[in-house]
There are 2 protein chains.
Amino acid sequence: MSTAPEGYDPHAFVPFAVTVDLAVFTVREGRLHVLLVERGEAPYEGHWALPGGFVLPRESAEEAARRELAEETGLTRRSSRAFHLEQLRTYSDPDRDPRMRVVSVAYAALVPDLPEPRGGGDAARARWWETGRTGPLAFDHDRILSDAHDRIGARLEYTCLATAFCPAEFTLGDLQQVYETVWGVELDRPNFRRKVLTTPGFVQAAEGPPRRTGGRGKPAALYRAGAATALHPPLLRPEGRREGRTP
Amino acid sequence: MSTAPEGYDPHAFVPFAVTVDLAVFTVREGRLHVLLVERGEAPYEGHWALPGGFVLPRESAEEAARRELAEETGLTRRSSRAFHLEQLRTYSDPDRDPRMRVVSVAYAALVPDLPEPRGGGDAARARWWETGRTGPLAFDHDRILSDAHDRIGARLEYTCLATAFCPAEFTLGDLQQVYETVWGVELDRPNFRRKVLTTPGFVQAAEGPPRRTGGRGKPAALYRAGAATALHPPLLRPEGRREGRTP
DNA sequence: TCCCTTAATGGTCACCCTGACTATAAAGAA
DNA sequence: TTCTTTATAGTCAGGGTGACCATTAAGGGA
């Protein structure tokens, strides 16, 4: 027999819990970091996990993710609106949570370098972890984090969202470091510069004088994110390690 | 206050129904078609909808989608395993179903030209519709279908999955027609040929003689899908209409 | 102060891929 | 046979990119 299409047969109704999980990425000091929270109870007590929570009765998964993002980053809902948030995929293995049937919609968020998350809340302990240096995470969060990293790396090739990792004003060096950090490769600086500047709408020159980095070397010009969202032609990463899985 | 991360507070549990919706695409006679079922009851009675159904208590969304695909196409579970099935995204607007809170995980399936779906089952009436000629669909299925079409078009650029629309053996003309149909553009035949043949693993020559199409013109050589899944460099569609949204 | 180091910026050049196009081969139809 | 149709082979110029080299503008140290 076939199940009724799109939820018609009330007898077939099965209750699930629906949650969102967030992979919040940032680039700090040339290394990719992700926001994790420490679990305070079983299962996986003491393990670290992606922040997340239940979808409330009258909100969409996107709204739930936006709400969690604001809570975890300690920023107001308004300012967290500016962060790039994108749905990744949904994880629904029946045994992914030992307590009950939980279907989780995963999101990736890209934020500029923020201060440490507020520590004193009622939420569990939260901090930034360098990707690749996290221990085994709770539930299937290692898988989610890996998928999220892959996705972000691929998105950098075809979209302009690398600027989402940068503050309002940034140098081309900052932007290049985003690519190098997420991809784990080194790029040629003049070539990267040419590609970015010849792509209309990727960045726009910021008014005002160049900033002084405090370091040595010629000071770099400042730019702001442009209006473009797509990158044509794409900015393909160098040969070698691609995302292996192309499901 | 913040909700507990990843489903900790049992009081926050809210029951949802979780379903899958399928956008099953095929190419027939040079036009893109999608499989729809007619609704037999309210709401949206008489409207057409994407096939789908509830996720059962002990299966993942992927398994539910695979099961529905087998049921709707009238093929055995085993042979439907071969079809390309890929998760699109999850739709969770609180009001997307007027009866209850339903979160739906959408999948896209690519199948070769199949016979008409079995008509005499207990399921609602099902048939292939040419995309763009469907009336308003039930629920938010117009949106899902549009998103699915966009995604498939983008995937053709970076992956080899165009072969998923083709039978086991196909000509380069067949493959080119897949691209032209999904993208809605015309491609230069020698250039397309060059691109496909110089991409290692995209296609492999089939043994045996060329087929006769029954039509006129020089018979074309037959190929099979290769082992490659990704397309580097990508096969970008001609200038012009891109997927507008790049969220 | 002068020189060295560092980093940003500017520019060159060859190669590869692509789009546009022409030519040839092999079939059916008139 | 001759024309039409379709597949296949090949040419050629331009764009984009990778690999370089050169120049500018800052700080640091002798």
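In what follows, chains carry the letters A, B, and so on, assigned in the order in which the sequence lines appear, proteins first and then strands, with residues in each chain numbered from 1. All values reported here derive from a predicted model rather than from experimental measurement.
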Check for a donor-acceptor pair, side chain of B:T181 on one end and backbone N or O of B:G30 on the other, with a separation under 3.5 Å.
yes

For A:F202, the option from A:T159, A:L197, A:T163 that meets side-chain contact (heavy atoms from CB on, under 4.5 Å):
A:T163

If you assign each of A:N191 and A:K218 to its closest nucleotide in DNA chain D, which residue comes earlier from the 5' end?
A:N191

Whole-Å distance, A:L197 CG to D:dT17 P, equals 13 Å

I want to check one thing: is the phosphate of C:dA8, taken as OP1 and OP2, less than 4.0 Å away from some side-chain N or O of A:R193?
no

Spacing between A:L187 atom CG and D:dA19 atom P, to the nearest angstrom
11 Å

The answer to which of B:L235 and B:D188 contacts DNA chain C further toward the 5' end, by nearest nucleotide, is B:L235

From CG of A:L172 across to C1' of C:dT9 the rounded distance in Å is 10 Å

Is there a donor and acceptor pair, one atom on the side chain of A:R194 and one on the base of D:dG18, closer than 3.5 Å?
yes

Taking CZ from A:F192 and P from D:dT17, how many angstroms apart are they, rounded to a whole number?
12 Å

Using whole Å, what does the distance between atom C1' of nucleotide C:dT18 and atom CD of B:E157 come to?
14 Å

Quickly work out the B:F170 CZ to D:dA7 C1' distance and round it to whole Å.
16 Å

Report yes if the distance between the aromatic ring centroids of A:Y223 and A:F170 is under 6.0 Å, otherwise no.
no

How many whole angstroms separate atom NZ of A:K195 from atom P of D:dG18?
9 Å

Can you see whether A:Y158 has A:R155 sitting over its ring - NZ or CZ less than 6.0 Å from the centre and within 45° of the normal?
no

Quickly work out the A:L222 CG to C:dA8 P distance and round it to whole Å.
12 Å

Of A:R189 and B:P233, the one whose closest DNA chain C nucleotide lies more 5'
A:R189

